[in-house]
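Comments concern the structure below.
Every value quoted in this text rests on a predicted model; they were computed, and no experiment measured them. A, B, ... follow the sequence lines: proteins, then strands. Residue 1 opens every chain.
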Protein chains: 2
Amino acid sequence: MADPPTRSEPTTPRKTSEPPGPRLSRALILDRAIRLIDAQGVTALTMRALGASLGVEAMSLYRYVNGREDLLEGVVEQLVGSIEVEPGERMEPNDGWQAFLQWFAHDVRRLALEHPAAFPLIATRHPAAPWLRPPLRSLRIVEAFLNGLRERGFTDHQAVTAYRSFSSFLLGHLLLECAMSCVGTSFAEEPVDEGNADLPNDDAQLDLTDYPTVARLQPQLTEDHTRAEFEEALEHLLVRMDLEMSQ
Amino acid sequence: MADPPTRSEPTTPRKTSEPPGPRLSRALILDRAIRLIDAQGVTALTMRALGASLGVEAMSLYRYVNGREDLLEGVVEQLVGSIEVEPGERMEPNDGWQAFLQWFAHDVRRLALEHPAAFPLIATRHPAAPWLRPPLRSLRIVEAFLNGLRERGFTDHQAVTAYRSFSSFLLGHLLLECAMSCVGTSFAEEPVDEGNADLPNDDAQLDLTDYPTVARLQPQLTEDHTRAEFEEALEHLLVRMDLEMSQ
DNA sequence: CAGCCAGACTTACGTTGTAAGCGGGTGCTT
DNA sequence: AAGCACCCGCTTACAACGTAAGTCTGGCTG
């Protein structure tokens with residue numbers, strides 16, 4: 001606490017000798033933003049907080065980011081960019097499209113589970129083009145997805161149809177899984193009243209007396225089978241696509 | 001435009017003779033909030049704007065609404081409350097669970113299409129309980145859903161499983177459909193730069209030169225078949241449930 | 001008739017996103 | 001070596017937002 005009196009710069013904490021390269025970069029900012037979202041939720045990502053987390057003033061970010069909207073857009077782009085459509089060692093095309101889609105689905109799921117607080121952004125931000133459907137909202141991914149299927153015997157029409165089905169499937173299952181994994185975290189809803197019962201206050205434990213069936217089935221409803229549901233639904237989707245292809 | 005000079009209260013626009021009942025109510029506020037969201041998007045729903053739209057100061061809303069979070073929660077509750085699990089004239093239980101689920105799915109879809117700007121709220125707000133899955137996030141609905149299926153021959157386990165599958169299905173398909181119907185509307189992204197190309201600016205027309213397959217298939221990708229996709233996927237989900245029940 | 005209180009208004013504060021301009025170090029030019 | 005332009009972060013400032021706290025007013029109740 002006792003500052004040594006040798007301090008020469010009482011006001012400017014900034015070192016006089018700066019490394020020449022910029023201390024900031026778009027990638028660095030986006031990276032930190034993602035980490036902030038993961039840790040404290042999207043609403044905690046303010047320009048000032050992000051700046052502070054980088055040891056920098058809020059306004060400094062505007063050189064690399066075109067406002068908050070663009071920041072969020074960049075976060076989404078960065079996250080979606082981490083999806084690998086195919087595994088690193090190129091799989092044989094005759095591994096079949098089923099293996100291809102399996103791998104792809106699981107990589108998107110990995111992304112969702114690694115960033116459950118950010119996934120709603122990916123899911124609900126307006127895509128750049130109407131046919132860029134969440135969560136597959138990058139040209140690179142759509143291109144690779146369509147090519148991957150065409151290389152494995154899909155017609156154009158079949159590939160496009162598969163793209164549509166897959167988007168819906170991933171969006172529904174993963175968004176739900178993220179919501180469940182965020183329940184109970186710090187940034188779900190922090191303003192917890194203690195016992196204020198003036199307004200219909202539905203937090204704490206719900207009153208199930210009027211809903212006997214829900215009450216009776218609550219144990220089953222509470223069980224978390226999201227993983228198994230995902231696998232099962234994916235399997236069924238593939239079966240369904242198989243049927244449609246051969247018909 | 002010409003005010004008659006008989007105006008007696010030049011400063012207070014408020015009438016001296018007030019109707020005794022409150023001019024505001026929670027339902028009225030929520031109703032107006034929904035209308036505002038439908039018209040201009042969620043971000044346009046500010047306390048002040050909502051108050052102004054009701055001819056009232058922002059702070060007056062706080063008597064009926066516990067802050068903005070509670071307002072949004074109320075909006076979601078009101079919207080979800082408009083879902084009818086079964087048609088008005090009680091259908092025969094032997095109409096079969098398929099008809100039951102068909103009707104239910106289409107009523108949730110109606111809600112989504114009537115309020116495309118509000119549906120993301122329903123989809124992504126943290127539910128009160130982990131097993132209250134969006135978009136079926138009300139005890140009333142879950143209770144009616146489970147009962148409806150049990151009356152039509154489902155076991156407890158089957159009903160719970162159906163609830164899970166249905167949530168994912170509705171969430172994925174309807175959220176996607178809402179996103180598509182919101183693209184191009186005023187509240188998608190209004191800060192449209194004209195030609196500023198300093199930062200990677202991905203609005204306007206995307207550059208597809210590096211993505212030949214997407215470019216080639218753009219016509220097919222642009223076609224909107226959301227309605228048919230919904231029906232088809234619903235049909236397949238029902239078939240899949242049928243198989244699982246008989247096995 | 002006095003008092004009270006529900007219900008809307010007023011004021012005020014902290015936080016947010018962001019426009020506009022500043023400054024000082026770096027590295028290139030002459 | 002002197003100048004200069006520019007990159008890059010800082011400072012100041014403002015409008016809009018959510019909301020805490022207090023105020024006024026009219027109708028109802030004791």
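Regarding B:L28, its CG atom lies at a distance of 14 Å from the C1' atom of C:dA8, rounded to whole Å. The separation between B:I29 atom CD1 and C:dA8 atom C1' is 11 Å, rounded to whole Å. Here the C1' atom of nucleotide C:dA8 and the CE atom of B:M47 are 14 Å apart, to the nearest Å. The CZ-P distance, from A:R26 to D:dC8, rounds to 15 Å in whole Å. Taking atom CG on B:L72 and atom C1' on D:dC17, their separation rounds to 14 Å, with Å as the unit. Between A:Y62 atom OH and D:dT11 atom P the separation is 17 Å, expressed in whole Å.
Remark: B:E84 does not engage B:R110 in a salt bridge, criterion side-chain N to carboxylate O under 4.0 Å. Between A:D38 and A:R35, none of the side-chain N atoms (NZ, or NE/NH1/NH2) sits under 4.0 Å from a carboxylate O, so this pair counts as no salt bridge.
Listed nucleotides D:dG18, C:dG17, C:dA8 differ in distance to B:R68; the shortest reach to its side chain belongs to D:dG18.
Applying the side-chain contact (heavy atoms from CB on, under 4.5 Å) criterion to B:L208, with sequence neighbours excluded, gives A:W131, A:L139, B:L206, B:V214, B:A215, B:Q218. With sequence neighbours excluded, the residues satisfying salt bridge (Lys or Arg N to Asp or Glu O under 4.0 Å) with A:R137 are A:E73. In this view, B:E223 and A:R164, B:Q220, B:H225 satisfy the side-chain contact (heavy atoms from CB on, under 4.5 Å) rule, not counting sequence neighbours. Residues passing the ring pair (Phe, Tyr, Trp, His ring centres under 6.0 Å) test with B:F119: none are found, sequence neighbours excluded.
Judged by the 6.0 Å distance and 45° axis criteria, A:R140 is not positioned over the aromatic ring of B:Y211.
Remark: aromatic rings of B:F166 and B:F145 are close, center separation under 6.0 Å.
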One character per nucleotide, please: for nucleotides 10-15 of chain C, 5' to 3', B when the base has a protein heavy atom closer than 4.0 Å, S when only the sugar-phosphate does, - otherwise.
BB----
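Residue A:R63 places a side-chain atom within donor-acceptor reach of the base of D:dG9, judged by atom type and a 3.5 Å distance cut-off alone.
OP1 or OP2 of C:dA8 lies within a sub-4.0 Å distance of a side-chain N or O belonging to B:Y64.
Comparing the start and finish of the helix from C:dC1-D:dG30 to C:dT30-D:dA1, five pairs each, the helix axis swings through 20°, to the nearest 10 degrees.
Taking both residues in full, the closest heavy atoms of A:L136 and A:V108 are given as CD1-CG2, 4.4 Å, listed atom of the first, atom of the second, then distance.
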